[in-house]
There are 2 protein chains.
Amino acid sequence: MSDPEQKRVPLEDLRRSCASCSVQQLCLPAAVDADDLARLDVLVRKRRPLQRGEQLYRQGDPLTALYVARNGAFKTVVHAPDGQAQILGFQLAGELFGFDGFGTGRHQCTAEALGPAQVCEVPLDKLEAYALEVPGLRRQLIQLMGRRMNRDQAHVAILARRQAAERVALFLHGLSERYIALGGRPDRVDLPMSREDMGSFLGLAFETVSRALGKLQDEGLIHVDGRRVTLLDAQALRAMVHPDGA
Amino acid sequence: MSDPEQKRVPLEDLRRSCASCSVQQLCLPAAVDADDLARLDVLVRKRRPLQRGEQLYRQGDPLTALYVARNGAFKTVVHAPDGQAQILGFQLAGELFGFDGFGTGRHQCTAEALGPAQVCEVPLDKLEAYALEVPGLRRQLIQLMGRRMNRDQAHVAILARRQAAERVALFLHGLSERYIALGGRPDRVDLPMSREDMGSFLGLAFETVSRALGKLQDEGLIHVDGRRVTLLDAQALRAMVHPDGA
DNA sequence: CGGTCAGTTGACGGAAATCAAAAAATGTGG
DNA sequence: CCACATTTTTTGATTTCCGTCAACTGACCG
């Protein structure tokens, strides 16, 4: 896992880590040719590891970079003035995030590590400079934001459901698809967040989340073992998500 | 700013209409200097009027343009395979929309006129060509998408509320702010959509929307007259939205 | 071995969905 | 302009589901 001969040249490490990063196709260089890709590493800065509960950026912070979850997962939270928090999203290992704040220049939410984590950081000023050389980069950024918007829309579609079990099923289904896209097993969903976090995301009390998971298990759709969920009947789960079978 | 000698060149009409369009600051040219602004009109194409219920684009259609509601309002809807529809947003007169579909190249939802309406259309291919001349345009587009994402996040924050009256209050508050931004009266909120549409957007049964409006009226916060709502106590409404008074 | 935290399960009350019907608004054709 | 049909909105009665309160279990950690 290391280049023993190199005398601690950070650039080398970065390049290697970026090449092995599962995000590479999701990440910026998707529309950039291989030659450009080779130069992209210089943009990325490895960041110190984060502990569970540590915040990567806070609501109100100026937007200075985008982030890729390298290991571990994150949640993005909006804190209302009265102290109550609303979770807007979860970022899995391999996903790019930090787009909130492009509207105002300041982050609209706080990003917090759900467990031990590492992030790669893409400073925006370097990205900006790089965009002058690589015309396709901004277009690629727009596409990535478009995907992120679609995910937010899916979140809305979940929250508008009235049955708790439906919301949970939709949530698991969405997580499963993301894990698959990141190279995971199609039937395995590991939940990096607590029941309480799920509840906040889904607009449910955490007890209701627990009960809904139990109900889905009783129906034979999933198997629940703490934060390890197995999809037993992805077909039926999908049917629950898309009742018409499309 | 104009070429008066040109004989009925549609360009003239377009320029005039674009100059009077209330979107101009929201719209693309915000980060573009005045000189560039003058050339922007050529991008915009006036579209035929739409009738109530008529669809501007449909889920699955290739993304070919962005739109500005000129008169009237629109709703964007996701149709689930089982036929049940979820409203993702409302577009008021003067607002730019159509960003869904930047992720996949196809619209993720259907845009439908809530009443008689007119739209200006910004073809993407022209926008693309224009972006080569005006470097700031893509950045501006990113910023606009960022704002749109923030609005979606506000939608999530609404849906996560558990009291129906709170959701409705937040909805009215948000609409009011948008009307103010577009130059409307601060205390007047005209609802271009039915109770059923509101219900879909808010994740509530339409009867519940009706009752919640009645409750807010009984509490003296608003006055309801069909689709014409007057904010009687914007202070209290704001307090309901931001319980801590921030 | 206590102590905290995360998760499950049970009981209960309340808020919203649902079912139902009336009233108001809107549109249509004569 | 009116009469009629249709849609929209309101209001009422009932039921269902979820939030809340509470007790309990198990895991992790000092």
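Below, read A as the first sequence line, B as the second, and so on, with proteins coming before strands; counting in each chain starts at 1.
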**Q** What is the distance, to the nearest angstrom, from the CZ atom on B:R167 to the P atom on C:dA15?
**A** 14 Å
**Q** Name the closest nucleotide to the B:A205 side chain, picking from D:dT9, D:dG19, C:dA17.
**A** C:dA17
**Q** Using atom CG of B:D225 as one end and atom P of D:dT10 as the other, report the distance to the nearest whole Å.
**A** 10 Å
**Q** Apply the side-chain hydrogen bond (donor to acceptor under 3.5 Å, both in side chains) test between B:Y57 and each candidate in B:T64, B:D100, B:T110; give the one that qualifies.
**A** B:D100
**Q** Can you measure A:R228 atom CZ to C:dG7 atom C1' for me and round it to whole angstrom units?
**A** 17 Å
**Q** What integer distance in Å separates B:L213:CG from C:dA24:P?
**A** 18 Å
**Q** Just to confirm, is there a sub-4.0 Å distance from OP1 or OP2 of D:dG19 to any side-chain nitrogen or oxygen of A:T208?
**A** yes
**Q** Would you mind reading off the distance between A:K215 atom NZ and D:dC18 atom C1', rounded to a whole angstrom?
**A** 12 Å
**Q** Which of these nucleotides, D:dT9, C:dT18, D:dC21, is closest to any side-chain atom of A:E207?
**A** D:dC21
**Q** Does B:Q163 make a side-chain N or O approach to OP1 or OP2 of C:dA16 shorter than 4.0 Å?
**A** yes
**Q** Touch check for A:R52, heavy atoms < 4.0 angstrom, all strands: base, sugar-phosphate only, or nothing?
**A** sugar-phosphate
**Q** How many whole angstroms separate atom CZ of A:F206 from atom P of D:dT20?
**A** 10 Å
**Q** Within the structure shown, what part of the strands sits under 4.0 Å from A:R227 by heavy-atom distance: base, sugar-phosphate, or nothing?
**A** sugar-phosphate
**Q** Is the closest side-chain heavy-atom distance between B:R228 and B:R188 below 4.5 Å?
**A** yes
**Q** Below 3.5 Å, does any donor atom in the side chain of A:E196 face an acceptor in the base of C:dC5, or the other way round?
**A** no
**Q** What nucleic acid atoms does A:G199 come within less than 4.0 Å of, heavy atoms only: base, sugar-phosphate, or nothing?
**A** nothing
**Q** Would you say B:R211 places a side-chain N or O within less than 4.0 Å of OP1 or OP2 belonging to D:dT10?
**A** no
**Q** Let's go through A:L159 and B:V156 carefully: what are the C-alpha distance in whole Å and the side-chain angles of both, what is the deciding distance for side-chain contact (heavy atoms from CB on, under 4.5 Å) to 0.1 Å, and is it a yes or a no?
**A** CA-CA 7 Å; A:L159 284 167; B:V156 167; 3.6 Å; yes
**Q** D:dT16, OP1 or OP2 - any side-chain N/O from A:R162 closer than 4.0 Å?
**A** no
**Q** Do the rings of A:F171 and A:F201 sit parallel, tilted or perpendicular, given the 30° and 60° boundaries?
**A** tilted
**Q** Please give, in whole Å, the distance from C:dA6 C1' to A:M198 CE?
**A** 14 Å
**Q** Pick the nucleotide of DNA chain C nearest each of B:L204 and A:G226; which residue has the one closer to the 5' end?
**A** A:G226
**Q** Using whole Å, report how far CZ of B:R195 lies from P of D:dT11.
**A** 10 Å
**Q** Mind checking whether B:Y67 and B:F74 have ring centres under 6.0 Å apart?
**A** no
